[in-house]
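Have a look at the structure below, then the notes.
Computation of the quantities below employed the complete heavy-atom set of this structure, encompassing side-chain atoms and omitting hydrogens, waters and symmetry-equivalent molecules.
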Amino acid sequence: MTYRIVQWATGSIGKTCLRAVLDSPDCELAGLYVYSDRKLGRDAGSIARRPDTGVLATNDIEDILRLDADVVIHTARLQLPYELHDNDICRLLRSGKNVITTAGQHYPWAHGPERAEMFLDACHAGGTSLYGAGVSPGFVGERLALTLASAALELDAIVIDEVFDASGMLSPDFVFTVMGMGTDPAQTDLMTGPLPELYRKLYSETLCFMADSLGLTGYTVDSDHHLELAAEDLTVRAGTIRKATVVATEWRWHVVTDGRRRLSLSIIWTMDPTLPRYAGRPHWQLRMTGKPELTMSLDLHDPVGAEVMTTGGQYVVAGLVLRAIPVVVAADPGIVTPYVFAPYQA
């Protein structure tokens with residue numbers, strides 16, 4: 001079948017998804033939602049660097065709700081608070097459109113049954129499904145790590161480290177506000193304030209999904225964050241990181257049962273990849289202890305060629321989103337979570 005797709009938002013990830021939809025013989029673009037006034041009314045093809053499609057960008061959700069479409073690819077930017085996009089997602093689901101979002105919502109049960117029920121009610125009202133797609137959170141923990149665990153006779157712990165060079169990011173708002181770079185820790189609480197709470201809500205969904213899938217019970221999710229400060233002023237593409245302000249963040253959480261750390265996830269973003277603490281480390285490293293003990297390193301490479309503006313990270317998210325379309329459309333109404341063959345059970 002051909003899937004009728006609405007693309008919601010056209011930032012770097014959104015445009016990559018939009019191009020993938022336009023290039024796919026299995027997809028037909030039904031609508032386009034944008035946040036930027038300068039994109040309003042433009043043809044989707046011109047935004048995606050593709051031939052005109054006849055689909056014009058709107059910033060009115062009512063225009064989208066009236067469309068006949070199978071899936072909305074929701075690539076709105078993650079922002080404070082984490083719940084910012086809840087209303088839009090629920091309205092889309094209630095209108096009869098499945099939603100694949102890259103703005104979290106991987107496992108709402110991590111925040112208690114009430115949050116999960118909010119999305120489930122919308123899904124059942126519209127006969128639709130919701131799926132949170134991404135690399136991390138998403139593929140690395142929810143699929144790759146759990147697949148490795150399925151090879152264990154005995155599983156002691158899983159540790160996931162992500163190290164990302166953020167120095168090439170263009171958006172000052174995202175770098176200095178959402179990522180917290182350039183922040184003076186004496187002025188802003190980056191240990192327990194709004195920003196670490198945003199990331200706790202986002203990444204605890206992966207950890208809680210992993211814990212529940214592994215059969216862990218009675219666990220808590222504890223934080224263990226670390227900040228690196230700039231030794232001198234540092235100029236990056238988004239602006240300047242001033243001396244003695246945040247140049248790298250290490251967001252880290254542990255699933256703890258009976259006083260033992262069973263799952264650990266570190267999300268490390270640095271504006272200076274030459275710092276000895278981060279130099280030479282892979283993008284992701286997964287370490288599993290038990291019987292057997294396994295270590296897996298994973299690196300993501302950008303395309304070669306000055307004419308290619310899309311990054312490897314944007315391609316991989318778009319790939320995960322497109323592969324999910326038929327699964328989400330075929331699913332029973334509700335929240336879709338990944339399936340792991342023969343999973344390990346504690």
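- For the pair Thr177 (side chain) and Phe174 (backbone), a donor-acceptor distance under 3.5 Å is absent.
- Between the side chains of Glu142 and Ser213, no donor-acceptor pair of N or O atoms lies under 3.5 Å.
- Between Val247 and Met181 there is no side-chain heavy-atom pair separated by less than 4.5 Å.
- Side-chain contact between Ile160 and Ser266 is absent, with no heavy-atom pair separated by less than 4.5 Å.
- No side-chain heavy atom of Leu234 sits less than 4.5 Å from a side-chain heavy atom of Thr240.
- Side-chain atoms of Thr192 and Asp189 form a donor-acceptor pair, as typed in the model, at a separation below 3.5 Å.
- With contacts defined as side-chain heavy-atom distances shorter than 4.5 Å, the pair Gln105/Asp86 qualifies.
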Let's go through Leu65 and Arg91 carefully: what are the C-alpha distance in whole Å and the side-chain angles of both, what is the deciding distance for side chain to side chain contact (heavy atoms under 4.5 Å, CB included) to 0.1 Å, and is it a yes or a no?
CA-CA 8 Å; Leu65 296 177; Arg91 292 186 70 187; 3.3 Å; yes
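- Checked by atom type, the side-chain pair Tyr33/Asp60 shows no donor-acceptor distance below 3.5 Å.
- Residues Ser129 and Asn98 approach most closely at N-OD1, 2.8 Å, considering heavy atoms.
- Checked by atom type, the side-chain pair Ser136/Glu162 shows a donor-acceptor distance below 3.5 Å.
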For the pair Tyr82 and Glu205, evaluate side chain to side chain donor-acceptor pair (under 3.5 Å) and give the outcome as yes or no after the intermediate values.
CA-CA 12 Å; Tyr82 183 63; Glu205 296 190 2; 2.9 Å; yes
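- The side-chain heavy atoms of Lys39 and Thr10, taken from C-beta on, include a pair separated by under 4.5 Å.
- Between His225 and Trp253, the distance from one ring center to the other falls under 6.0 angstrom.
- No donor-acceptor distance shorter than 3.5 angstrom exists from the side chain of Asn59 to the backbone of Val34, with no hydrogens or angles considered.
- The ring of Tyr199 has its center closer than 6.0 angstrom to the ring center of Trp269.
- Atom CZ of residue Arg143 and atom OG1 of residue Thr206 lie 12.0 Å apart, to the nearest 0.5 angstrom.
- Ser204 places a side-chain N or O within donor-acceptor distance of the main-chain N or O of Arg200, the cut-off being under 3.5 Å.
- Interatomic distance, CG of Leu216 versus CZ of Arg262, reported as 5.0 Å (0.5 Å rounding).
- Two residues are said to be in side-chain contact when any heavy atoms from C-beta on lie closer than 4.5 Å; Phe209 and Pro137 fail this criterion.
- Under a 4.0 Å N-O distance rule, the pair Arg77/Asp173 qualifies as a salt bridge.
- In this structure, CG on Leu275 lies 12.0 Å from CE on Met271, to the nearest 0.5 angstrom.
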Please walk me through it: do Lys291 and Asp156 pass salt bridge (charged side-chain N to carboxylate O under 4.0 Å, His left out)?
CA-CA 8 Å; Lys291 296 179 180 178; Asp156 179 37; over 6 Å; no
Could you walk me through whether Tyr219 and Asp212 pass side chain to side chain donor-acceptor pair (under 3.5 Å), step by step?
CA-CA 10 Å; Tyr219 59 81; Asp212 291 348; 2.8 Å; yes
Let me see the working for Leu265 and Trp251 under side chain to side chain contact (heavy atoms under 4.5 Å, CB included), right down to the final yes or no.
CA-CA 8 Å; Leu265 175 62; Trp251 309 113; over 6 Å; no
Salt bridge (charged side-chain N to carboxylate O under 4.0 Å, His left out) evaluation trace for Arg242 with Asp233:
CA-CA 4 Å; Arg242 297 298 179 189; Asp233 286 359; 3.2 Å; yes
Please determine whether side chain to side chain contact (heavy atoms under 4.5 Å, CB included) holds for the pair Val317 and Val135, giving the CA-CA distance in whole Å, both sets of side-chain angles, and the decisive distance to 0.1 Å.
CA-CA 6 Å; Val317 173; Val135 184; 3.8 Å; yes
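- With 3.5 Å as the limit, one finds a donor-acceptor pair spanning the side chains of Trp8 and Tyr35.
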Side chain to side chain contact (heavy atoms under 4.5 Å, CB included) assessment of Ile73 paired with Ile5
CA-CA 7 Å; Ile73 298 176; Ile5 307 297; 3.6 Å; yes
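- Val329 and Val327 are not part of a single hydrophobic cluster, where members link through side-chain heavy atoms under 4.5 Å apart.
- Between the Tyr344 side chain and the Leu155 main chain, a donor and an acceptor come within less than 3.5 Å of each other.
- Contact check for Ile241 versus Phe176: side-chain heavy atoms found under the 4.5 Å cut-off.
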Pair Asp26-Thr2, side chain to side chain donor-acceptor pair (under 3.5 Å): steps then yes or no:
CA-CA 5 Å; Asp26 300 321; Thr2 299; over 6 Å; no
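- Rounding to the nearest 0.5 Å places OH of Tyr203 at 9.5 Å from CG of Leu198.
- Annotation: the span from Asp88 atom CG to Cys90 atom SG amounts to 9.5 Å, rounded to 0.5 Å.
- Side-chain contact annotation: Asp272 with Thr270, donor-acceptor N/O pair under 3.5 Å absent.
- Counting only N and O atoms by type, the side chains of Ser95 and Arg66 include no donor and acceptor under 3.5 Å apart.
- Comment: Glu28 engages Arg4 in a salt bridge, judged by a side-chain N to carboxylate O separation of less than 4.0 angstrom.
- Annotation: side chain of His74 is not in contact with side chain of Ile100 (no heavy-atom distance under 4.5 Å).
- The CG atom of Leu294 sits 10.0 Å away from atom OG1 of Thr289, with the distance rounded to the nearest 0.5 Å.
- Between Arg281 and Asp161, at least one side-chain N (NZ, or NE/NH1/NH2) sits under 4.0 Å from a carboxylate O, which counts as a salt bridge.
- In this model, a donor atom of one side chain and an acceptor atom of the other lie less than 3.5 Å apart for Tyr278 and Glu250.
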